[in-house]
**Q** 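Structure below; questions to follow.
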2 protein chains.
Amino acid sequence: MGAAPLHREVERRLVEHDVRYTRGRRAVVDALADSPGPRSAAELVVTMDDPVPLSSLYRTLSVLEESDVVVPHLATKGIARYELAEWLTGHHHHFICTSCGAVEDIELTPTDEEAVDSLVDRIAERAGYVPTNHELEIAGLCKECA
Amino acid sequence: MGAAPLHREVERRLVEHDVRYTRGRRAVVDALADSPGPRSAAELVVTMDDPVPLSSLYRTLSVLEESDVVVPHLATKGIARYELAEWLTGHHHHFICTSCGAVEDIELTPTDEEAVDSLVDRIAERAGYVPTNHELEIAGLCKECA
DNA sequence: CCTAGAATGAGAATCGTTCTCGTTAACTAT
DNA sequence: ATAGTTAACGAGAACGATTCTCATTCTAGG
Ligand SMILES: [Mn+2]
Ligand SMILES: [Mn+2]
Ligand SMILES: [Zn+2]
Ligand SMILES: [Zn+2]
């Protein structure tokens, strides 16, 4: 999704929740849209042009989370990383480096995603559940750490 | 696995790591073996008969984690919950109820697990990673909440 | 413009977790 | 069993990520 349609979608969602889509909130959405994976508050603050106080950044993230614009990702102990929700970015999975802790998005080929989907359906049904979503996280060594 | 064989396995592993299997460490392993799901330090401390100082409990958990006797499970923001490692309990996946938050183990059939394994290998290789582990979490409504 | 309510920023406070260091318990060799 | 050596423990301080407070600054509407 381009930047303009993204902002339009986000604004519509925030207005529904009676919150304003301010400069600071746009900046966070932009930073997350530019990121190849989930980012923590500390990681975001260095990528953003105008310096943002952490207290404001955390508040912004929790406002965005409340409106389901961003979703927290809890792969690293003691740190919450955020990414745009899948209704904005599309469904994807994650790779987590066991050495340096980096988290990167993995987009599956349609064939692989179908394979995962049908496997998840089969597994869940066998266990007696109705699946609405799934999360596949692959751990290992990233290119840097290999 | 019964309690006695469990302790024998854990002791062997700890001795390999030049670490003693003390009374306090046994108590934590017992508490986790009795738990129907991952438990945080704060949750464990109320479960255990003799009161354990949090500083000791945290140290015990990190010692056990270092020897791969327990693994952290990071489903809740800001809290680490621990469970016995899969070589003690068997490889399994998790189902997470989007309504009540319950986390339940899912054991795959050998066929399904092989399918997941090969899919993970293919996905990771295509993205340029060397996978050492994977985690598949299925979200949906549990039997209670359906 | 004015004004009321919302958002922001600086810093204090909180909370889970880790660290420090003096004391205690566990293994080893006698 | 005893003594010596070292690892483990416990109490509290310290730490880091996050949240809270509150005074100030924006912003949308009138
Ligand atoms: Mn992602
Ligand atoms: Mn998928
Ligand atoms: Zn890495
Ligand atoms: Zn449920």
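The shown structure was predicted, so the numbers you read here are calculated from the model rather than taken from an experiment. Order of the sequence lines sets the chain letters (A, B, ...), proteins ahead of strands, with each chain counted from 1.
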**Q** The test is salt bridge (charged side-chain N to carboxylate O under 4.0 Å, His left out); show your working for R13(B) and E9(B) and say whether it passes.
**A** CA-CA 6 Å; R13(B) 171 63 60 98; E9(B) 293 287 323; over 6 Å; no
**Q** Using a cut-off of strictly less than 4.0 Å between a heavy atom of the residue and any atom of DNA chain D, enumerate the qualifying residues of residues 3-35 of chain B by number.
**A** V19(B), R20(B), T22(B), R25(B)
**Q** Side chains of D68(B) and H17(B): any donor to acceptor distance under 3.5 Å?
**A** no
**Q** Would you say E86(B) has more than 12 foreign heavy atoms packed within less than 6.0 Å of its CD?
**A** yes
**Q** Which residues in residues 43-64 of chain A have at least one heavy atom lying under 4.0 Å from any atom of DNA chain D?
**A** S55(A), Y58(A)
**Q** Check whether T76(A) reaches the backbone of I79(A) with its side chain - one donor and one acceptor, N or O, closer than 3.5 Å.
**A** no
**Q** Quick check: H73(A) with Y82(A) (ring centres under 6.0 Å apart)?
**A** no
**Q** In whole angstrom, give the distance that lies between atom CZ of R39(A) and atom P of dA17(D).
**A** 16 Å
**Q** If you draw a 6.0 Å radius around CD in E144(A), do more than 12 non-hydrogen atoms from other residues or ligands fall strictly inside?
**A** no
**Q** Do E135(B) and H94(B) have side-chain N/O donor and acceptor atoms under 3.5 Å apart?
**A** no
**Q** On a heavy-atom basis, which atom in C97(A) and which in C142(A) lie closest, and how many Å separate them?
**A** SG-N, 3.5 Å
**Q** Mind grabbing the angle between the end helix axes of the helix from dC1(C)-dG30(D) to dT30(C)-dA1(D)? Five pairs an end, 10° rounding.
**A** 30°
**Q** Looking at every strand, decide which applies to A42(A) at a 4.0 Å heavy-atom threshold: base, sugar-phosphate, or nothing.
**A** nothing
**Q** Would you say the ring centers of H91(A) and H134(A) fall short of 6.0 Å from each other?
**A** yes
